[in-house]
Amino acid sequence: MWKEPSAGIALADADQTAGPRLPEPAVVASVEPGSIAEELGFQPGDRLLSINGVRPRDLIDFQVLQGEEELTLEVEDPDGSLHVVELEKDADDSLGLGFTEALFDGLRQCNNHCPFCFIDQQPPGRRRSLYLKDDDYRLSFLYGSYLTLTNLTATDWQRIEEQRLSPLFVSVHATEPELRSRLLVNPRAALLGEQLSWFAERRLQIHAQVVVCPGLNDGEALTRTLTDLAGHGAGDWPAVLSAAVVPVGLTRFRPAGDALRPVTPADARAVIERVEPLQRTFAASLGSRFAWLSDEWYLIAGLPLPPRASYEDLPQQENGVGSIRAFLEQLDAATASLPQRVSPPRRYSWVVGRLVAEALQPVVERLNAVEGLELLLHGLPSPYWGQDQVVTGLLTGEDLLTGLAGRDLGDGLLLPRVMLRAGEEVFLDDLRVDELRRRLPVPLHLIGGAEDLVAACLSASMRGAYP
Ligand code: SF4
């Protein structure tokens, strides 16, 4: 359940030793042009102390509070002077304020000790946000990060119910209580069954995730987990909306003797053979395949990815389920009217993780059918993590410098943004894009989705001094 809080989601001081603290004032980062806040004279740097006498704990509280029609805002200027602003507005009018923090009372970190935790498998000395063990139900609700439910207090449960914080995204790993406790190294993990019933009784919903560690929670344990989750997946308002099954990621920095082993092609085939029949059963009983295998299973197994239609509405795309099929589908749209030729001729390179390179080869072939365009695909391993078969999002700056050295990069390099921290141009090893630009022999262009890729290929600008 590793997801670094993105640069756009600044977090209040995350000292977890003291538990949740009193909310700090919400510091204004942006004021929407033409908004009520602009009319009132709000400026970045202003500190919102309270709304109608209540100090918001986070963005959720702020959203709820600003929904009132009559507001009394207590605001502190950067120079320390206090103002009280009273206003009336329609209930659905937003104030138009953005804040530097999502959480004004600190991040709830996890109280588990999973041996497969990716955060513990990093080298020391990188940026602080990489070591935050986010297990905060507010971020799960706001941004879809996974949580385990093991650190919630009675007040938190009450708040989830009262504010209808749904759906949440829950790392399950196993439903058998003793096994889940062992995987999370936390006796509180055994309470999941009761917690699922709690969600069901209140008509609140979750998406689930199972990180499979071969020899620990695969085999019969995985069947039981998915069957138990599917037991909450029926009806008009299912408590469990979907369950993603993803392989454990292990790095060379993990401690010796952790009893874990990487997923082999045979493991991947065994998991696919176990889950696909369950998908058919669930499709018949629930009307949805419900349990979703991430793309990595098929890539590791060396098997073709399922067709796009089998992923329904891609409920677990953020978890790497159907992402490649979705990308290929976007590419179909983006290449629907390709020119027959481009002029002047150009040769560009595109770098991706070695695990996904083969699946993306059809994209390269389609683009290379355009006369005058040559796209060179480089699927790289990650010596940084010690992974030969790696997904694109885990490639670091160091991996790029090592892997691309001496290769033919053509007139310019297309670099997927997924390798960077969201909202910032920095790789997982803290190398900055500017530094990479300085050290590469060709211009570099950041790309997002399929449209970006096609537009960059059709553009001649990288032949010159692309920024
Ligand atoms: S210890 Fe477990 S629950 Fe906590 S962040 Fe790591 S993987 Fe997630």
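One-based numbering, in listed order, for ligands and for the atoms of each.
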Legend entry - Heteroatom test (N, O or S) for Cys110 near atom 2 (Fe) of ligand 1, limit 2.8 Å: no
Legend entry - Side-chain ion pair, Glu162 and Arg159, N-O less than 4.0 Å: no
Inset, instruction - Could you list which atoms of ligand 1 come closer than 4.0 Å to a heavy atom of Cys117? - result: 1 (S), 5 (S), 6 (Fe), 7 (S)
Legend entry - Check: Phe104 ring centre within less than 6.0 Å of Phe99 ring centre: yes
Legend entry - Backbone N/O of Arg203 and side chain of Trp237: donor-acceptor pair under 3.5 Å: yes
Legend entry - Within-shell test, Thr148 vs ligand 1, heavy atom, strictly < 4.0 Å: yes
Legend entry - Centroid-centroid distance, Phe199 to His232, less than 6.0 Å: no
Inset, instruction - Please verify whether a non-hydrogen atom of Asn112 lies at under 4.0 Å from ligand 1. - result: yes
